[in-house]
Amino acid sequence: MELNFEKELDRLNPYQREAVLDESPACVVNANVGSGKTTVLITKIQYLHHIKKVGYEDMTVLTFTNKAADEIKSRLLAAEPELPADKLRGFGTFHSTALYYLREFLPVEDLGYSKEFLVIDPEEELELAYDLIRQHKLKIKYKNRLKKRLESAMAVREAEKKVSKYQDDIFELAGLLKEEKAKQDKMTFFDLLENANFLLKEAEQKSVSPKWVIIDEVQDSDTQQLVFTDRLISRGASLFAVGDPNQVIYSWRGSAFQIFYTLKHKYQAKELTLPINYRSSTSILEAARCFLQNGSPLTGVREPGSKIIVRRQYDAFQDACYLAARMKKLHEEGISYGEMAVFYRLQSQSKIFEDVFLKEGIPFEVSLKKTVGDVPVLKWCIRLLRFSLNTKDTASGIYVLSSREYGEGISGKKAEEIVRAGQPGRSLLFDRMCGLVENCGELGNEEELFTYFELDRYLKPVSASFHEDSDAVRRLFGIMYAYVREQQAERASGMREFVNSSSLYGLDVLREDISRQEDCVKLMTIHASKGLEFSCVFITGVNHGLIPLRTGDMEGEEEERRLFFVGITRAKDHLELSYYMNPQERADPGESRYIRMIPPRLLEHGEDIGPAVSLQELKRQVQEQKRSIAARGSEQSPEQSLEQSPGQSLEQSPEQSPGQSLEQSPEQSLEQSPGQSLEQSLEQRPEQSSEQSPEQSPEQAKQQKLVRHSRYGTGVVVNEDETMLEAEFEGYGKKEFIKAFSELEYI
DNA sequence: GGTCGATTCTTTTTT
DNA sequence: AGAATCGACC
């Protein structure tokens, strides 16, 4: 064993070795980006076990994500395959460790819980809260933001709980909710830590007393987690914590920037540094150094590497087109798509990249956290199923009947009456829900289920989102039927199981158009990129107002800088930054000052404007998009859009029927933000209108139709086909519009 | 139940 | 700066 360990130690650099061999009872390691933080942490654990003879069961290893915990555990098991897994029960996230303590050692009965308590997700807690508001007739403001409001109300100390900021009953609700959760034997993620903290303070018995507390990414600790750590340390544990104050990007969610330093002082911890970065080329590191905030040393060991490429783009759409071409080329040069990543500041920025990459046949994956609860129609549908499968769930029944968006739109009071009375004949939808269990044996597929509930009527056929809504519902039902088949369960109970765990299936319902290949480009927010690394990183939208995002205070501004630091240090070999001259939303045109903060000698400016996208190209893309939407609408087979190969998308002639496209266009104009940018790209680059399509139809052009535009006034239609319209305006010249997206008025 | 003016929040996300 | 939402008033 010891011999093995010596070998491990030899692989470390002197700084890493010092951290592992450190003997102080409390030690905080200031680990720079890419400096082998996890390796040090794991070697430290092995050192404590093999050399210091501390049992694994006497260590508590805390991480923030399951992913990090799994990595540590699997690396330990890889080095020592004989290790019984139950020795590592104290290894996990803060929450899972708290759960372990509560179940195994702490007297939860003191808080009114049983040992069999359930862990519930935030959604379920919110439902409990709404029930309580109704039952107790509480006055709560900003109900739609109740989740956030409750969170902050629970974080407030007892003494300050007198009057709420909005003069409502939020604290009363928090108290009632706490009682109700204990009564129903349910704990939220928050409760797990809160209750563990409470009982660790009170419990006399030394049932929980690890010898070592080892924390990964300490800089992300919030107050609750810090208290948890403190409870363990005051029970006699030594501390070994690793983190990077330059990577604090979650302070808005409760982790304090100074935590690294308060830890140091509170426990007189020894501070060590890991300065050597093994990940990035020195050019990238040098750029990163411009965004360091506490002057810590950051040393590179790699070659200078290529310069950082800065690109000026017209807008996000053009950037996406450029990136698609660039990535194809890199792929041809032998770099796998899995080594490339696109980062952006806001979730909403991903859509245009998804659309373009899909069209260009670039395999990609978007990291986003969306559940069925985020899509109103699916939320409604899940409640519909929940009540149908368990008519005791009256809250769901009332929700379904009284929803303003969907269903019969019955008033809340009347819905409650109907549901509580349980008598048939007063609402068709209610009767159908009550009859599902009886009838579902005959409903063999999603279409029959859809028809059974007559959802064509209840999903508001007149609303703009009807097609999208019914698609989503069909997909949800489809997944449910697949699940039931797979489980080989009896249909009603299979459905019940599916509905109970529906939050887990949210992703599959929503990402129907995302390629599932292994080797694919990753699209994500900079936040989501933390802890990852890629050979090629493209950060898009480096405009002021986006990166950095316009923030109110200095602290926010500093966090934006750390965020950008995190983003650029993900890159190993190649980094590209882009900014827009015509940004869509909140951003200002032109490069962010963050780009000007990087020494010019490290930068190389790409072509001023990326490869020009011809009108022809744009047209084709829009048509194809329409086609795939139409295809989805009529045959509900999402696989179609998945199987697009790059070759396919190039030579397609429009096969859609004109009637269909006209019917659908108003809905699209509401839903499709990339379309708007398409239109704008065209509007403001009239010089491109010379590249005319060969498919123009002369008959239409002759008719001298007039249109009115909000900005250009009245114009004469020069050219028109299914998707495009070209008109000449006095004083502005010829402009091309995409019919579906422009708000032109026909005269 | 509908309109007006005032007030509040807006982004990032894990468990 | 603009959207969403609240409360007051009719």
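So you know, we letter chains A, B, ... as the sequences are listed, proteins then strands, and number each from 1. In what follows, every heavy atom counts, from backbone to side chain, and hydrogens, waters and symmetry copies are set aside.
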* **salt bridge (charged side-chain N to carboxylate O under 4.0 Å, His left out) contacts in which one or both residues fall within residues 340-349 of chain A, not counting sequence neighbours** =>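 Qualifying pairs: R345(A)-E560(A).
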* **Pair listing, salt bridge (charged side-chain N to carboxylate O under 4.0 Å, His left out) test, anchored in residues 522-533 of chain A, at least two apart** =>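 Residue pairs with at least one partner in residues 522-533 of chain A: E217(A)-K530(A), D220(A)-K530(A), R279(A)-E533(A), E533(A)-K572(A).
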* Whole-angstrom distance between dT5(C) and dT11(B), as gauged at atom P ->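 Pairwise P distance, dT5(C) against dT11(B), rounds to 12 Å.
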* Distance, P atom - from dA4(C) to dT12(B), rounded to whole angstrom ->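 So the two P atoms sit 16 Å from each other.
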* Test log, rule salt bridge (charged side-chain N to carboxylate O under 4.0 Å, His left out), inputs R75(A) and E71(A) -> CA-CA 6 Å; R75(A) 274 169 76 167; E71(A) 196 193 335; 3.1 Å; yes
* Asked: So, is Q225(A) near the phosphate of dT14(B), with a side-chain N or O under 4.0 Å from OP1 or OP2?
  ->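 Q225(A) to dT14(B) OP1/OP2: no side-chain N or O under 4.0 Å.
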* **T525(A) side chain near dT13(B) phosphate (N/O to OP1/OP2, under 4.0 Å)** =>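 Answer is yes, contact under 4.0 Å.
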Rounding to an integer number of Å, can you tell me how far [X] [atom1] sits from [N] [atom2]?
X	N	atom1	atom2	value
D222(A)	dT12(B)	CG	P	20 Å
F564(A)	dT12(B)	CZ	C1'	16 Å
R562(A)	dT12(B)	CZ	P	18 Å
L193(A)	dT14(B)	CG	P	17 Å
Y100(A)	dT15(B)	OH	C1'	19 Å
F64(A)	dT13(B)	CZ	P	17 Å
E558(A)	dT12(B)	CD	C1'	17 Å
R561(A)	dT11(B)	CZ	P	24 Å

What nucleotide, of [options], holds the atom closest to the side chain of [X]?
X	options	answer
L346(A)	dT14(B), dT11(B), dT13(B)	dT11(B)
T93(A)	dT15(B), dT11(B), dT13(B)	dT15(B)
F189(A)	dT13(B), dT11(B), dT15(B)	dT15(B)
H95(A)	dT13(B), dT15(B), dT11(B)	dT15(B)

* Nearest-0.5 Å distance that lies between atom OH in Y594(A) and atom CD1 in I539(A) ->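 Output value for this atom pair is 12.0 Å.
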* So, are E417(A) and K414(A) salt-bridged, with charged N and O less than 4.0 Å apart? ->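 No salt bridge links E417(A) with K414(A).
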